Amino acid sequence: MLEGKVAIITGGTRGIGLETVRVFKENKAEVILFGSKEETVTKAIDNLKEEGIEATGYYPNLNNYSEIENTIKEIVDKFGHIDILVNNAGISAKESIENTTSEDFSKIMDLNVKAVFNMTKAVVPYMKENKGGVILNTSSMVSIYGQPAGVGYPASKFAVNGITKSLSRELASFNIRVNAVAPGITKTDMVTALPEEMIEPLIKTIPLGRIGEPRDIANAFLFLASDLASYITGNVLSVDGAARS
Ligand code: NAD
């Protein structure tokens with residue numbers, strides 16, 4: 001479904017991002033994964049190699065625009081174009097407002113919002129030059145319902161939806177589609193670390209009767225990245241088993 005396409009996936013070293021790397025590679029894309037440091041990027045690439053998957057990796061500071069700009073230029077010099085950007089890197093929060101510092105709030109906004117802006121700003125000129133592209137953002141179920149603690153996290157994901165809807169309108173005439181996927185609770189490191197007695201009651205609230213697998217989310221990214229979604233832009237696609245809290 002992605003033959004001939006070059007895709008960048010941020011936060012591609014584990015969880016949803018890593019599974020998206022696998023799914024995109026299965027569908028014949030050239031994939032470049034981004035991670036936060038050399039060590040985790042190298043480890044992810046080595047592990048993928050053992051699975052028979054070849055990927056390239058970079059670790060620019062996603063809050064440093066000129067570092068990103070240089071990395072994107074290097075990728076374009078090497079691969080010729082960028083067709084798909086998946087903004088997936090993100091961190092969450094769960095503290096009460098009293099226990100959240102202003103610095104904590106900024107940290108979450110820096111990665112979940114500003115890095116999405118930085119990455120998107122850096123790839124758009126190349127996508128325009130190439131007469132099209134796809135930008136996919138990672139929102140969350142909490143961008144619809146909020147959450148009862150860790151206010152920075154839902155606030156950041158509401159912002160991601162705003163970026164998605166606004167840029168879809170700004171970039172549509174350049175054949176650049178912008179969509180987001182809003183996962184529900186998904187089985188990544190963050191969730192598998194939780195005790196069974198916390199997971200069980202959560203599952204009971206999900207009409208489809210299970211938590212999501214990283215592949216459920218990666219498949220949604222695949223669909224939105226592919227030409228099957230060529231008339232879809234400005235959407236936030238819920239992939240949450242109809243969970244409502
Ligand atoms: P994860 O913690 O397993 O992976 C996060 C990825 O982000 C890692 O690859 C990590 O290297 C990268 N990252 C973290 N800090 C970074 C930094 N400062 N600079 C660059 N990269 C950094 O998380 P996940 O569960 O796979 O989540 C991926 C995305 O999905 C996030 O945006 C998250 O908000 C969203 N999401 C996850 C769930 C869930 O239940 N797992 C639910 C809704 C939304």
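Here, residue 1 is the first one in the sequence, and each next residue gets the next number. In this text the structure is predicted, and so the values were computed from the model without any measurement. Every number for a ligand or one of its atoms is a count from 1 in the order of the listing.
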Give the residue, atom name and distance (to 0.1 Å) of the protein heavy atom nearest atom 6 (C) of ligand 1. Gly11 CA, 3.7 Å

Using distance alone, decide if ligand 1 has a nitrogen or oxygen within less than 3.5 Å of any nitrogen or oxygen in Leu62. no

Does Ser140, backbone or side chain, put an N or O under 3.5 Å from an N or O of ligand 1? no

For atom 13 (N) of ligand 1, which protein heavy atom lies nearest, and how many Å away is it? Ala89 CB, 4.1 Å

Neighbour count above 12 (heavy atom, 6.0 Å) for Glu200 CD: yes

Please confirm whether Ala115 comes under 4.0 Å of ligand 1, counting heavy atoms of the residue only. no

Is Val124 reachable from Val160 through a run of I, L, V, M, F, W or Y residues, each pair having side-chain heavy atoms under 4.5 Å apart? no

More than 12 heavy atoms of other residues, nucleotides or ligands under 6.0 Å from NZ of Lys5: yes or no? no

Relative to the heavy atoms of Ile185, which atoms of ligand 1 are at a distance of less than 4.0 Å? 40 (O)

Less than 3.5 Å between some nitrogen or oxygen of Thr13 and one of ligand 1, yes or no? yes

Donor-acceptor pair, side chain of Asn61 and main chain of Asn63, under 3.5 angstrom: yes

Shortest protein contact, atom 1 (P) of ligand 1 (heavy atom only): Arg14 NE, 3.5 Å

Distance-minimising heavy-atom pair for Ala218 and Phe24: O-CE1, 4.5 Å

For Ser36, the ligand 1 atoms with a heavy-atom partner under 4.0 Å come out as 11 (O), 16 (C), 17 (C), 19 (N), 20 (C), 21 (N), 22 (C)

Ala122 and Ile68 have their tightest heavy-atom pair at CB-CG2, 3.7 Å

Does ligand 1 have a heavy atom under 4.0 Å from the side chain of Lys157, from its backbone, from both, or from neither? side chain

Ser139, any N or O under 3.5 Å of ligand 1 N or O: no

Given the ring of Tyr153, does Lys94 sit roughly above its face, with NZ or CZ under 6.0 Å from the centre of the six-membered ring and within 45° of the axis? no

Check side chain to side chain contact (heavy atoms under 4.5 Å, CB included) between Arg210 and all other residues, then give those that pass, not counting sequence neighbours. Glu213, Asp216

Count the heavy atoms of every other residue, nucleotide or ligand shown that sit under 6.0 Å from OH of Tyr59, and state whether that count exceeds 12. no

When distances are taken from atom 30 (O) of ligand 1, the protein heavy atom at minimum range is Thr138 CG2, 3.2 Å

Closest approach of Arg177 and Thr233, non-hydrogen atoms and distance? CA-OG1, 3.4 Å

Test of understanding: given a 4.0 Å heavy-atom threshold, classify the contact between Asn88 and ligand 1 as side chain, backbone, both, or neither. both

Selected option - heavy-atom contact closest to atom 38 (C) of ligand 1, from Ser92, Gly212, Gly184: Gly184

of all protein heavy atoms, closest to atom 16 (C) of ligand 1 is Leu111 CD2, 3.5 Å

Can you tell me which portion of Tyr153 lies within the under-4.0 Å heavy-atom range of ligand 1? Options are side chain, backbone, both, or neither. side chain

For Glu39, I'd like to know if atom CD has over 12 heavy atoms of other residues, nucleotides or ligands within 6.0 Å. no

Starting from atom 23 (O) of ligand 1, find the nearest protein heavy-atom neighbour and note its residue, name and distance. Met190 CE, 3.9 Å

To check your reading of the model: name the closest protein heavy atom to atom 25 (O) of ligand 1, its residue, and the distance in Å. Thr188 OG1, 2.8 Å

Ile16, portion touching ligand 1 at heavy-atom distance under 4.0 Å: both

With Asn137, the side chain to side chain donor-acceptor pair (under 3.5 Å) member among Asn112, Asn87, Asn88: Asn87

Short version for Thr186: what comes under 4.0 Å of ligand 1, heavy atoms counted, is both

Within the distance-only criterion (no hydrogens, no angle test), does the side chain of Gln147 pair as donor or acceptor with the backbone N or O of Ala149 below 3.5 angstrom? yes

In a check of side chain to side chain donor-acceptor pair (under 3.5 Å) between Ser139 and each of Asn179, Thr164, Asn161, which one passes? Asn161

Within the structure, is a non-hydrogen atom of Thr40 found at a distance of less than 4.0 Å from ligand 1? no

Under 4.0 Å to a heavy atom of Gly15 - the qualifying atoms of ligand 1, by number: 3 (O), 26 (O)

among protein heavy atoms, the one nearest atom 43 (C) of ligand 1 is Pro183 O, 3.3 Å

